[in-house]
Amino acid sequence: MCRFLAYLGAPIFLDELVYTPAHSLIHQSLHATEAKTETNGDGFGLGWYGDRTEPGIYHEVLPAWSDQNLRSLCGQIRSRLFFAHVRASTGTALSRSNCHPFRHQADLFMHNGQIGGYRHLKRQIETVLPDTLYEHRLGTTDSEALFLMALANGLRDEPIAAMERTLGTVQSMLDRAGITEPLRFTSCYTNGETLWAYRWASDDKAPSLYYREEEGGYLVVSEPIDEGTKCWNVVPKQSVLRVDAGGIHIEPMSIGYGVAA
């Protein structure tokens with residue numbers, strides 16, 4: 001499993017969240033406390049919004065704790081909305097194209113979780129992607145496939161309903177194939193203005209997800225980045241959190257099976 005954080009608010013330097021806190025994302029890349037594996041060293045990525053509509057991206061296959069370019073970038077980039085992710089592979093190759101976050105035009109997406117038995121469903125999942133989106137598939141991960149499926153299902157216009165349709169489609173595939181390994185989905189998506197954070201699983205073990213209001217903004221994380229755990233709020237299981245100009249909103253997710261992309 002992976003670790004990530006997402007921030008939306010007044011512009012700040014990335015290192016204020018990625019490096020500075022006691023249990024920062026860099027610290028979690030070596031010493032995660034709420035993940036299956038303590039070490040998340042299979043690459044990392046940043047995605048941030050600046051003066052242009054399309055976000056910037058930086059991916060690397062080195063462990064996050066050992067990359068001096070990452071430290072330098074985080075100390076220089078100032079952004080109002082950014083994603084950061086450290087990867088622990090669930091079976092796909094170590095490559096830049098498999099590092100999160102994934103970008104499509106003005107959108108960013110990152111994921112922590114898995115499609116159970118993905119190797120048995122990979123071809124079937126890719127088959128439902130329209131050509132206009134499949135040509136943008138750069139890597140081999142289940143995470144990128146989920147993102148492209150959600151885009152095909154109308155993610156930009158219906159960020160909650162489209163993700164519900166996508167998860168329902170994949171769960172139906174798992175059921176039909178007799179695969180009992182769970183579908184676990186904790187993720188963040190943004191169109192460059194609003195942030196959505198999803199927490200859902202087909203069993204009772206949805207990966208952890210927290211949020212809190214910062215001075216001038218909002219932060220969503222896989223696990224707390226400091227020792228002030230009492231200041232953090234848990235995103236309920238089977239729910240989606242939305243952050244926009246109006247603040248934070250949480251609502252339940254309703255997953256119906258059998259809706260094709």
Side-chain angles (χ1 to χ4, degrees), residues 2-14 16-18 21 24-25 28 44-58 74 77-86 100-113 143-144 146-148 150-151 153-164 166-167 185-200 206-225 231-253:
C2 310
R3 302 287 82 183
F4 65 61
L5 68 81
Y7 171 82
L8 174 62
I12 62 171
F13 287 106
L14 273 58
E16 294 180 36
L17 297 178
V18 176
S24 69
L25 200 64
Q28 290 176 33
F44 63 85
L46 299 174
W48 70 93
Y49 292 84
D51 295 331
R52 296 179 172 174
T53 301
E54 187 173 281
I57 288 285
Y58 178 62
C74 287
I77 295 173
R78 187 180 177 93
S79 177
R80 61 176 176 81
L81 172 56
F82 62 87
F83 285 3
H85 186 284
V86 291
H100 308 222
F102 301 101
R103 177 180 64 190
H104 180 71
Q105 298 175 358
D107 299 352
L108 284 179
F109 172 84
M110 61 184 175
H111 173 229
N112 172 35
S143 302
E144 185 187 28
L146 284 167
F147 177 38
L148 294 174
L151 287 170
N153 277 320
L155 184 62
R156 291 222 90 210
D157 296 324
E158 299 180 297
I160 299 175
M163 204 63 79
E164 292 171 341
T166 299
L167 295 175
F185 185 80
T186 295
S187 70
C188 286
Y189 162 71
T190 182
N191 58 9
E193 298 296 333
T194 301
L195 169 66
W196 289 267
Y198 310 83
R199 188 183 183 207
W200 187 89
S208 57
L209 192 64
Y210 299 84
Y211 70 94
R212 77 177 180 193
E213 185 172 357
E214 298 280 287
E215 183 177 352
Y218 300 92
L219 182 59
V220 180
V221 298
S222 294
E223 63 184 72
I225 59 174
C231 299
W232 293 91
N233 305 287
V234 175
V235 176
K237 296 178 182 178
Q238 319 302 77
S239 298
V240 57
L241 176 149
R242 184 179 85 252
V243 183
D244 56 24
I248 286 180
H249 317 267
I250 297 176
E251 60 183 271
M253 295 184 72

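Note that these values count all heavy atoms, side chains included, but never hydrogens, waters or copies made by symmetry.
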- Below 4.5 Å, heavy atoms only, C-beta onward: do Pro252 and Gln238 meet side chain to side chain? no

- Step by step, would you call Asp244 with His249 a side chain to side chain donor-acceptor pair (under 3.5 Å)? CA-CA 9 Å; Asp244 56 24; His249 317 267; 3.3 Å; yes

- Query: When Tyr189 is tested against each of Trp196, Phe109, Phe4, Phe83 for ring-ring contact (aromatic ring centres under 6.0 Å, His included), which residue passes?
  - Reply: Trp196

- Quick one: CD on Glu193 to CG on Leu195, what's the gap to the nearest 0.5 Å? 12.0 Å

- Least distance between heavy atoms, Ala84 atom then Leu46 atom: CB-CD2, 3.7 Å

- Query: Hey, what's the ring geometry for Tyr210 with Trp232, parallel, tilted or perpendicular (30° and 60° as the breaks)?
  - Reply: perpendicular

- Item | side chain to side chain contact (heavy atoms under 4.5 Å, CB included) between Leu148 and Phe102, intermediate numbers included | CA-CA 10 Å; Leu148 294 174; Phe102 301 101; over 6 Å; no

- Query: After noting the C-alpha distance and the side-chain angles of Leu167 and Met253, does the key distance pass the side chain to side chain contact (heavy atoms under 4.5 Å, CB included) rule?
  - Reply: CA-CA 10 Å; Leu167 295 175; Met253 295 184 72; 4.0 Å; yes

- Measure across Gly45 and Pro101 and return the closest heavy-atom pair with its distance rounded to 0.1 Å. C-CD, 3.7 Å

- Any Val243 side-chain heavy atom under 4.5 Å of Thr190 side chain: no

- For Tyr218 and Glu213, the nearest pair of non-hydrogen atoms, with its separation, is CE2-CG, 3.6 Å

- Query: Does the side chain of Ile225 reach to within under 4.5 Å of the side chain of Leu25, using non-hydrogen atoms?
  - Reply: no

- Side-chain heavy atoms of Glu158 within contact of Glu164, under 4.5 Å: no

- Message: In the structure I gave you, are the side-chain heavy atoms of Glu214 and Leu17 within less than 4.5 Å of one another anywhere?
- Response: yes

- Message: Is the shortest side-chain heavy-atom distance between Asn112 and His100 below 4.5 Å?
- Response: no

- Message: Quick check against the 3.5 Å criterion: does Arg103 have a side-chain atom that pairs as donor or acceptor with the backbone of Pro55?
- Response: yes

- Message: Do Cys74 and Tyr58 have side chains that approach each other closer than 4.5 Å (heavy atoms only, starting at C-beta)?
- Response: no

- Close side-chain approach of Tyr198 to Phe185, heavy-atom, < 4.5 Å: yes

- How many angstroms lie between OH in Tyr7 and CD1 in Ile12, if you round to the nearest 0.5 Å? 4.5 Å

- When rounded to the nearest 0.5 Å, the distance separating CZ of Arg156 from CG of Leu151 is 8.5 Å

- Please report the shortest heavy-atom distance between Gly113 and Pro207, naming the atom on each side. CA-CG, 4.4 Å

- Message: Strictly distance-based, threshold 3.5 Å: is any side-chain N or O of Arg3 a donor or acceptor partner for the main-chain N or O of Gln28?
- Response: no

- Task: Could you walk me through whether Met163 and Val240 pass side chain to side chain contact (heavy atoms under 4.5 Å, CB included), step by step?
- Result: CA-CA 10 Å; Met163 204 63 79; Val240 57; over 6 Å; no

- Of all heavy-atom pairs linking Ser187 and His111, the shortest is CB-CA, 4.0 Å

- Item | Worked verdict on Ser222 versus His85 for side chain to side chain contact (heavy atoms under 4.5 Å, CB included) | CA-CA 10 Å; Ser222 294; His85 186 284; over 6 Å; no

- Item | Atom pair CG (Leu14) and CZ (Arg78), whose distance is rounded to the nearest 0.5 Å | 11.0 Å

- Query: Taking atom CG of Asn191 and atom CG of Leu155, what is their separation to the nearest 0.5 Å?
  - Reply: 8.5 Å

- Query: If you round to the nearest 0.5 Å, how far is CG of Leu209 from CD of Glu223?
  - Reply: 11.5 Å

- Query: For Ala150 and Ala162, which heavy atoms make the closest approach, and how far apart are they?
  - Reply: O-CB, 3.9 Å

